[in-house]
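What follows is a single structure, written as C-alpha cells, with notes after it.
FYI, side chains are in, hydrogens and waters are out, and symmetry mates aren't considered; it's all heavy atoms of this structure. Quick note on labels: first sequence line is chain A, next is B, and so on, each numbered from 1.
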Amino acid sequence: MAFKGGYAGKLLYVDLTKEKIEKVPLDEDLAKKYIGGAGLAAKLLFDLIPKGIDPLSPSNVLGFFVGPLTGTLFPQASRYTVAAKNPLTNAWGEAHSAGFWGPELKLAGYDGIIFTGKAKRPVYLYIDNEEVEICSAKGLWGMKTFEAMDKVTQIHNDPQIESVAIGPAGENLVRFAGIFTRNGRVAARSGMGLVMGSKNLKLIAVRGTKGLDVAQPDEYLDSVKAWYDKVLSHPYTEGRVKYGTTELIDMMQSIGRLPTYNMRQGVFDEWENISCDTYRDKYLLRPRADYACIQRCGRFVSVATGPYKCLGKGPEYECLSALGSRCGNSNLASIIYIHHLCDEYGMDSIGTGSVIAWAMECYEKGILTEEDTGGLAFNWGDHELIVRLVEMITKREGIGDLLAEGSYRAAKRLGRGMEYVMHVKGQDIASQEPRAQKSMGLAAATASRGADHLYAFPVLDEGEVFAKEIRQWYGTEYLPEIGERLSPKNKGFMVFHNENYSVLIESLGVCKYGTMVPPALYYEDIIRAIEVTMGWKFSERELKKVGERIVNLNRLFNVREGITRKDDSLPERLTKEPAPLGIPKGQVVELDTMLDEYYQYRGWDKKTGRPTKKKLKELGLEEEAKKL
Amino acid sequence: MPKILVVDAGKCVGCRDCELICSAQHYQTFKSSLSGVATIKFDEISRDVPMVCQQCEKPACQAVCPVNAISRDEETAALVTNYDLCIGCKACVSACPFGAIHFDDEEKRPIKCDLCDGDPDCVKICPSEALKYEEADRATMAKRRESIVHLPELLKLITREKE
Ligand code: SF4
Ligand code: SF4
C-alpha cells in the first residue's frame with residue numbers, strides 16, 4: 001500500500017438500490033489534495049451529486065468520512081464527517097460528530113462509506129472488518145436511536161459494535177433529524193438524519209479490530225507528549241473538564257450574546273437557573289470523553305425525581321440555549337429531559353429549539369393563532385408544551401407536522417412569520433447572537449452548509465483569555481479591531497483565515513476543541529502530526545491552500561445550486577434591529593462591509609460571490625470549475 | 001516493595017488513551033488487541049472500566065502454561081511472558097479469570113500487561129487519574145479517603161429515611 005500511515009487506504013461504495021457493495025482503494029494524490037473527512041467529502045460528493053436534484057431523492061449521495069488522524073492518539077482524534085446535499089438549504093450539507101464510531105470504521109479498514117440510491121426496504125449496514133453486509137432493518141425501523149443500537153449488538157452478539165443511527169424523526173422525515181452515535185454524540189446539522197431516512201437506511205454497525213499504523217512511530221510518541229502537554233496545560237482546559245461547554249451560558253450572558261426569546265435579545269433574566277454551576281451542582285454525575293479525548297466535554301447527568309426524571313448524556317451549551325433561553329425556558333430539569341427526548345427520537349436540538357422559539361414569537365405577535373396550533377397556547381417558557389411538541393414533531397402530529405419542516409419552511413408554508421425565522425439559507429442560526437460578536441454574524445452568513453458557527457468558529461475575539469493566541473494566529477497587523485467583539489473591522493480576514501483552518505481540522509478527523517477552542521494546537525502541531533502520522537511534509541502555506549481549496553469547492557457546489565452573494569445574508573432583525581439589552585445594546589451586524597472584505601480575501605467576485613477563475617486556477621480547481 | 005496498578009473506575013472517562021498508548025509503545029501501532037489494558041464501556045450508565053492484569057499472587061495463567069513461559073519479574077512483580085518459550089497454545093487466555101490476556105491474531109501471541117518495566121505508560125497518559133501505580137500497602141488508602149467524602153451525605157440520607 002502506498003500509504004505509510006494514518007489511512008486505512010480504502011473506501012466503501014454502497015449502492016442501496018442495487019444492494020451492491022464495492023471496495024475501492026483510496027487514491028494517494030487525492031488524499032494529499034483533500035486530506036480526508038470534510039475535504040474528501042467536498043471533492044467526492046461534488047463529483048457525484050448532480051446539479052439540481054431533490055435532496056430527498058435517491059440521486060442524493062450520502063458520504064461518511066474519517067480523517068487520517070482519526071483512530072490515533074492525537075488529542076480528540078475521534079471525528080467523522082457526514083455529507084450530502086442539504087435538505088434544509090438545497091445546497092451543500094455536512095455535519096460532524098465525535099464518539100467512537102469514526103475510529104471503529106477506520107480500524108475496520110475504511111476511510112469512508114459512500115451511499116448511493118435508495119433501499120427498497122428499511123436496511124442497515126453491518127461491517128465486521130472485511131465482511132460487509134446489507135441487512136434488513138425490519139425489527140429496528142421505528143425504534144429510538146439508542147434502542148436500535150443496543151438491539152444490533154444483540155443481533156450480532158457483539159457488545160463492542162459501534163453504531164450510528166437515526167431515530168423515528170429521521171424515518172418520519174423531520175427536516176432537522178440528526179445521526180447519533182452510541183454514546184450520544186450527534187451529527188446534528190444539515191438534516192443528515194433526514195437524508196439517511198430518505199434512503200431507508202436506519203443504522204451503520206461497525207466492528208473493527210485491525211491495527212492502525214503511523215509513518216514514524218517513535219517520533220509520533222514523542223510528539224504525543226508535547227501535544228498532550230499543550231492541551232492539558234492550556235488554562236481553558238480545566239473549565240472544559242469541570243463544566244463542559246455549559247460554562248458558555250454564564251459567559252454569553254455576561255457579554256449579551258445569549259440568544260433569548262427566539263433571537264430578540266442576548267440577555268436572559270432567568271439565566272442563573274440554567275448556569276453552569278446550577279447544572280453542575282444539581283444534575284452532573286461526571287464528565288465523559290470521546291475516543292482519545294482529553295478535553296472531556298461530554299456530560300453525564302441525572303434528574304433524580306419529578307416529571308423530568310431521566311439519566312443520560314447531558315445537554316451542552318447549544319442545547320441549553322436552544323431549548324432554554326431561546327424558548328424563554330429556565331427549567332433546567334426540563335431542558336435535560338427534552339434533550340434526552342431529542343436524542344432518542346433523533347433530532348437536532350438546535351433545529352428543535354429554533355422552530356419552537358419561532359412559533360412562540362409568532363404566537364405572541366398573533367401571527368400564529370390557536371386555529372393554527374390546534375388549540376395549543378405557545379407561551380414563552382412553557383416546558384410542558386415543549387415536551388409535547390417534541391413528540392408531535394417526531395410523529396408529525398397536528399401542528400407538529402408544520403414544525404417538523406423547520407422554521408424556514410414552516411414560515412413559507414404558513415405564508416407568515418418569515419421575519420422571525422433566524423436562519424441563513426434555510427438553516428437555523430446556532431446560539432451565537434451576532435449583534436454581540438460581529439465575527440459570528442459574518443461566519444453564519446458565509447458558512448457553506450447554511451447558518452453555522454463552526455465552519456469558521458471565530459472565537460478568539462470572544463474575550464481576554466485568548467489575547468496571546470490572537471497575536472499568534474493573525475499577527476499584530478490587524479490589532480486592535482480584530483480582537484474587539486463589536487467591531488466589524490478585519491473580521492473578513494478573521495473568518496477567511498479561520499474557515500481555512502477549520503475545514504483542515506475537520507478533514508484530519510480531529511475535534512475543534514483543542515485546536516480552535518482552546519487554541520492549544522495550531523498549524524505547527526498539525527504539520528508535525530501529518531509528518532509523523534502520514535510521512536508527508538507540508539508547509540504552513542501549503543496547508544492553508546488545502547483549506548482554501550476545500551472552502552472553494554464547497555462554494556462551487558453552492559454556486560452550482562444557484563447560491564449567490566444575496567444568500568450570504570442574515571435576518572433583518574440582526575442587521576437592522578438594534579440589540580435591545582446588555583453590552584451590545586444599540587448594535588446591529590454590519591454585514592455588507594464585512595462581506596466585501598471577506599470576498600476580497602477569498603478572491604471571490606464581490607457582486608456574485610463566485611470564486612474567480614484566477615482563484616480556482618491557483619487552487620487547482622479548473623476541472624471542477626468546468627462542472628458548473 | 002513493588003508497586004501495583006490500581007484502577008479507579010469511578011474516575012475513568014472512557015477515552016481509551018491507555019489502550020492506545022499501550023499498543024503504540026509495545027508494538028508501534030494502534031490496535032486494541034495488542035494492548036494490555038482495555039476499557040469496557042457501559043454506555044447506558046456511562047461507566048467505563050479499565051480492565052488490566054491483576055498480577056495475581058496465585059496466577060492461573062502461570063499455573064496452566066505448559067512450557068513455563070510466564071514468570072514473575074523480580075523487580076516489578078509483573079507476570080511476564082517469554083515469547084521465546086511461548087508456544088501460542090492460549091491456555092493462559094482461557095485460564096485468566098479476568099480475560100486479562102488477549103490473543104492477537106497477527107502477532108500470534110498472548111498479550112498481557114507487563115507493567116512497562118515498572119513505569120507504566122497508561123498511568124502517565126491517563127488524563128483522569130483513573131490509573132495509578134502505587135505501593136501495595138498504601139495504594140487504596142487514597143481511594144478510601146476519597147470515597148469517605150460521601151459518607152456524611154450517605155448518613156444524612158439514611159437518617160432522613162428513618163424520620
Ligand atoms: S493474566 Fe490473569 S491470571 Fe495471569 S496474573 Fe494477570 S490477572 Fe492473574
Ligand atoms: S486513559 Fe484513563 S480515563 Fe482514559 S480510558 Fe484509560 S483509564 Fe479511563
Go through the steps for Asp48(B) and Arg288(A) under the test side chain to side chain contact (heavy atoms under 4.5 Å, CB included), then give the verdict.
CA-CA 9 Å; Asp48(B) 304 279; Arg288(A) 202 151 183 245; 2.9 Å; yes

Atom group of [X] that falls short of 4.5 Å from chain B, counting heavy atoms:
{"X": "Asp213(A)", "answer": "both"}
{"X": "Gln216(A)", "answer": "neither"}
{"X": "Phe146(A)", "answer": "neither"}
{"X": "Thr209(A)", "answer": "backbone"}
{"X": "Leu73(A)", "answer": "both"}
{"X": "Arg286(A)", "answer": "side chain"}
{"X": "Val224(A)", "answer": "side chain"}

Shortest non-hydrogen separation from Cys15(B) to Ala289(A) and the atoms involved
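Nearest pair, atom of Cys15(B) first, then Ala289(A): CB-CB, 3.8 Å.
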
Might you point out which heavy atoms bring Pro127(B) and Arg296(A) nearest each other, and give the distance in Å?
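Heavy-atom minimum between the residues: O-NH1, 3.0 Å.
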
Heavy-atom pairs under 4.5 Å with chain B, option from Thr72(A), Asp218(A), Val214(A) with the top count:
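With the most close heavy-atom pairs to chain B, the winner is Thr72(A).
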
Heavy-atom pair count under 4.5 Å with chain B, highest-scoring of Asn183(A), Leu285(A), Ile294(A), Leu221(A):
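If we count pairs closer than 4.5 Å to chain B, Leu221(A) comes out on top.
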
Distance-only, no hydrogens or angles: does the Thr29(B) side chain make a donor-acceptor pair with backbone N or O of Leu212(A) under 3.5 Å?
yes

Proximal component of [X], with respect to chain A [non-hydrogen, under 4.5 Å]:
{"X": "Ile21(B)", "result": "both"}
{"X": "Ser32(B)", "result": "neither"}
{"X": "Thr39(B)", "result": "neither"}

Short N-O contact, Lys313(A) and Asp43(B), less than 4.0 angstrom:
no

Calculate, to the nearest 0.5 Å, the distance between atoms NZ and CG belonging to Lys210(A) and Asp105(B) respectively.
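Interatomic distance, Lys210(A) NZ to Asp105(B) CG, rounded to 0.5 Å: 12.0 Å.
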
Could you tell me whether [X] atom [atom1] has more than 12 heavy atoms of other residues or ligands within 6.0 Å of it?
{"X": "Asp158(A)", "atom1": "CG", "answer": "yes"}
{"X": "Glu106(B)", "atom1": "CD", "answer": "no"}
{"X": "Glu74(B)", "atom1": "CD", "answer": "no"}
{"X": "Glu75(B)", "atom1": "CD", "answer": "no"}
{"X": "Glu238(A)", "atom1": "CD", "answer": "no"}
{"X": "Lys151(A)", "atom1": "NZ", "answer": "no"}
{"X": "Asn157(A)", "atom1": "CG", "answer": "no"}

Worked check of side chain to side chain contact (heavy atoms under 4.5 Å, CB included) between Phe300(A) and Arg47(B):
CA-CA 10 Å; Phe300(A) 195 73; Arg47(B) 279 290 185 206; over 6 Å; no

Take Phe100(A) and Arg16(B), measure what side chain to side chain contact (heavy atoms under 4.5 Å, CB included) needs, and give me the verdict at the end.
CA-CA 10 Å; Phe100(A) 293 81; Arg16(B) 293 175 59 178; 3.7 Å; yes

Phe74(A) ring center within less than 6.0 Å of Phe30(B) ring center
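Centroid separation for Phe30(B) and Phe74(A): 6.0 Å or greater.
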
Top of Lys124(B), Glu19(B), Gln25(B) for chain A proximity - count of heavy-atom pairs under 4.5 angstrom
Gln25(B)

Side chains of Asp17(B) and Tyr228(A): donor-acceptor distance under 3.5 Å anywhere?
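Checked: Asp17(B)/Tyr228(A) side chains pair up, N/O donor to acceptor below 3.5 Å.
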
